Amino acid sequence: MTYEEQPDQGEAQPAPPNEPALTALSLYPQEWALFLDIDGTLLDLAETPEAIVVPPSLPFALQALSRQLDGALALVTGRAVAFVDPLFAPFHFPVAGLHGAERRDAAGRLRRALIPPAFQEMKRVIAQEVGAWPGVLVEDKGAAVAVHYRLAPEREGDVAEAMQRYLHEAGPDWILQHGKLVVEICPAHASKGHAVEAFLGEPPFSGRRPLAIGDDVTDETMFGVANRLGGQSVRVGTPGGKTLARASIPSPARLREILAALAK
Ligand SMILES: O=P(O)(O)OC[C@H]1O[C@H](O[C@H]2O[C@H](CO)[C@@H](O)[C@H](O)[C@H]2O)[C@H](O)[C@@H](O)[C@@H]1O
Ligand SMILES: [Mg+2]
């Protein structure tokens with residue numbers, strides 16, 4: 001399979017099933033950089049943010065793949081960077097957290113996102129008000145806050161309305177980010193696409209073609225960057241929804257199998 005540079009991202013449309021999209025990694029590891037989303041991509045979705053399960057072999061497979069890629073493997077997630085390391089212990093991969101608002105590069109330098117006092121206070125109010133609704137969970141992520149309604153799907157409208165109101169109070173430095181049964185308030189200046197571009201400007205990522213793998217709307221910005229820079233984009237999940245990703249893999253379990261095979 002060959003990949004041609006395609007400067008035009010084109011219209012979002014359903015991504016075809018295409019597992020061989022990843023074989024280029026093992027054929028030409030020196031050419032590629034791998035960017036991996038976590039929830040819904042590497043890991044199966046769980047009922048609550050804390051209930052995720054990391055298969056014990058996964059960190060080792062990622063480490064082996066990272067070595068093949070000379071370290072050009074990064075995690076790009078909505079989680080906080082501090083949450084990520086324990087998941088993949090004993091390894092410390094380069095990681096962009098909070099949908100790109102914070103980032104630790106391959107040299108271990110961490111760029112944190114500021115937490116203004118007013119935002120700190122707003123998180124407290126959100127936890128007190130919305131967190132009191134049965135089944136609704138508030139996840140404090142430092143410079144971002146997520147409100148989950150997976151256990152109370154009937155609250156979708158209430159959560160969306162409340163978060164819109166909080167966003168208005170927070171001001172223009174913040175944006176609303178909708179995800180899978182979750183609404184978040186995040187720093188406005190960042191995106192996963194920007195994070196991928198930042199990694200690609202530094203060793204060991206620079207000069208490589210990005211392969212971005214994700215499952216959700218926030219991954220679309222990194223799909224767009226990967227497409228624009230002559231790379232590849234893969235969406236995990238049932239093909240069908242509109243996406244910029246050019247290929248798809250049916251489930252996190254299948255992705256883990258492929259990564260484990262590539263890591264050998
Ligand atoms: O960018 P990601 O790595 O995919 O992170 C996106 C969000 O993932 C988490 O929430 C989602 O996964 C939970 C665990 O499976 C699930 O319970 C929830 O319904 C999903 O929305 C995480 O809690 C968020 O902070 C991330 O932004
Ligand atoms: Mg995800």
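Note that ligands are numbered from 1 as they come in the structure, with each ligand's atoms numbered from 1 the same way. Treat the numbers as computed from the prediction; the structure is a model and nothing was measured.
- With a heavy-atom cut-off of 4.0 Å, Asp39 touches ligand 1 through backbone and side chain alike.
- Between the side chains of Thr243 and Glu220, at least one donor-acceptor pair of N or O atoms lies under 3.5 Å.
- Of all the heavy atoms of Val182, the ones lying under 4.0 Å from any atom of ligand 1 belong exclusively to the side chain.
- No side-chain donor from either of Glu184 and His178 sits under 3.5 Å from a side-chain acceptor of the other.
- Against a heavy-atom cut-off of under 4.0 Å, Ile38 is close to the following atoms of ligand 1: 3 (O).
- Under a 3.5 Å cut-off, the side chain of Thr41 and the backbone N or O of Ile38 do not form any donor-acceptor pair.
- Annotation: Ala146 places no N or O atom under 3.5 Å from an N or O atom of ligand 1; distance criterion only.
- Salt-bridge annotation for Lys192 and Asp216: absent, with no side-chain N of the basic residue lying under 4.0 Å from a carboxylate O of the acidic one.
- Protein heavy atom in closest approach to atom 16 (C) of ligand 1: Ala46 O, 3.3 Å.
- The two atoms that bring Pro49 and Leu137 nearest to each other are CD-CD1, 3.9 Å, heavy atoms only.
- Checked by distance only, ligand 1 and Asp219 stay at 3.5 Å or farther apart across all their nitrogen or oxygen atoms.
- In terms of protein heavy-atom proximity, atom 2 (P) of ligand 1 is nearest to Asp37 OD1, 2.9 Å.
- Atoms of ligand 1 found under 4.0 Å from any heavy atom of Ile52, numbered from 1 in the order shown, are 14 (C), 15 (O).
- Under the 4.5 Å side-chain heavy-atom criterion for Ile, Leu, Val, Met, Phe, Trp and Tyr, Ile52 and Leu255 are members of the same hydrophobic cluster.
- Among Arg150, Lys192, His178, Arg79, the residue whose heavy atom lies nearest to atom 19 (O) of ligand 1 is Arg150.
- Side-chain atoms of His99 and Gln177 include no donor-acceptor pair closer than 3.5 Å.
- Ionic pairing of Glu202 and Arg103 is present here: one or more N-O contacts between side-chain nitrogen and carboxylate oxygen are shorter than 4.0 angstrom.
- Looking from atom 24 (C) of ligand 1 to the surrounding protein, the closest heavy atom is Glu139 OE1, 3.4 Å.
- Nearest protein heavy-atom neighbour of atom 3 (O) of ligand 1: Thr77 OG1, 2.6 Å.
- Asp39 has a carboxylate O that lies under 4.0 Å from a charged side-chain N of Arg79, or vice versa, which qualifies the two as a salt bridge.
- Listed by number with element, the atoms of ligand 1 under 4.0 Å from a non-hydrogen atom of Lys141 are 24 (C), 25 (O), 26 (C), 27 (O).
- Geometrically, ligand 1 and Val76 share no nitrogen or oxygen pair separated by less than 3.5 Å.
- Under a cutoff of 6.0 Å and an axis angle of 45°, Arg208 and Trp32 do not form a cation-pi pair.
- Per-residue contacts place His99 under 4.0 angstrom from the following atoms of ligand 1 (heavy atoms of the residue considered): 27 (O).
- Here the CZ atom belonging to Arg165 is positioned 11.0 Å from the NE2 atom belonging to His168, to the nearest 0.5 angstrom.
- Here's the thing with Gly40: none of its N/O atoms is less than 3.5 angstrom from an N/O atom of ligand 1.
- Using a 4.0 angstrom heavy-atom cutoff, Gln177 does not count as in contact with ligand 1.
- Nearest heavy-atom pair, Ser233 versus Asn227, reported as atom, atom and distance to 0.1 Å: OG-OD1, 2.6 Å.
- Within the listing of ligand 1, atoms 12 (O), 15 (O) sit less than 4.0 angstrom from a heavy atom of Leu45.
- Under a 4.0 Å criterion applied to the non-hydrogen atoms of Thr48, ligand 1 contributes the atoms 14 (C), 17 (O).
- Surrounding CD of Glu169 are more than 12 heavy atoms belonging to other residues, nucleotides or ligands, all under 6.0 Å away.
- Residue Leu43 does not touch ligand 1, judged by heavy-atom distances below 4.0 Å.
- Relative orientation of the Phe88 and Phe93 rings is perpendicular, given thresholds of 30° and 60° on the angle between their planes.
- With atom 10 (O) of ligand 1 as the reference point, the heavy atom nearest to it among Glu50, Lys180, His148, Glu184 is part of His148.
- The pair Arg256-Asp44 meets the salt-bridge criterion, with a side-chain N (NZ, NE, NH1 or NH2) lying under 4.0 Å from an Asp/Glu carboxylate O.
- Around the Mg ion (ligand 2), the protein atoms of type N, O or S that sit closer than 2.8 Å are Asp37 OD2, Asp39 O, Asp215 OD1.
- Below 4.0 Å from some heavy atom of Glu47 lie the following atoms of ligand 1, by number and element: 17 (O).
- Below 30°, between 30° and 60°, or above 60°: for Phe35 and Phe205 the angle between ring planes is below 30°, a parallel geometry.
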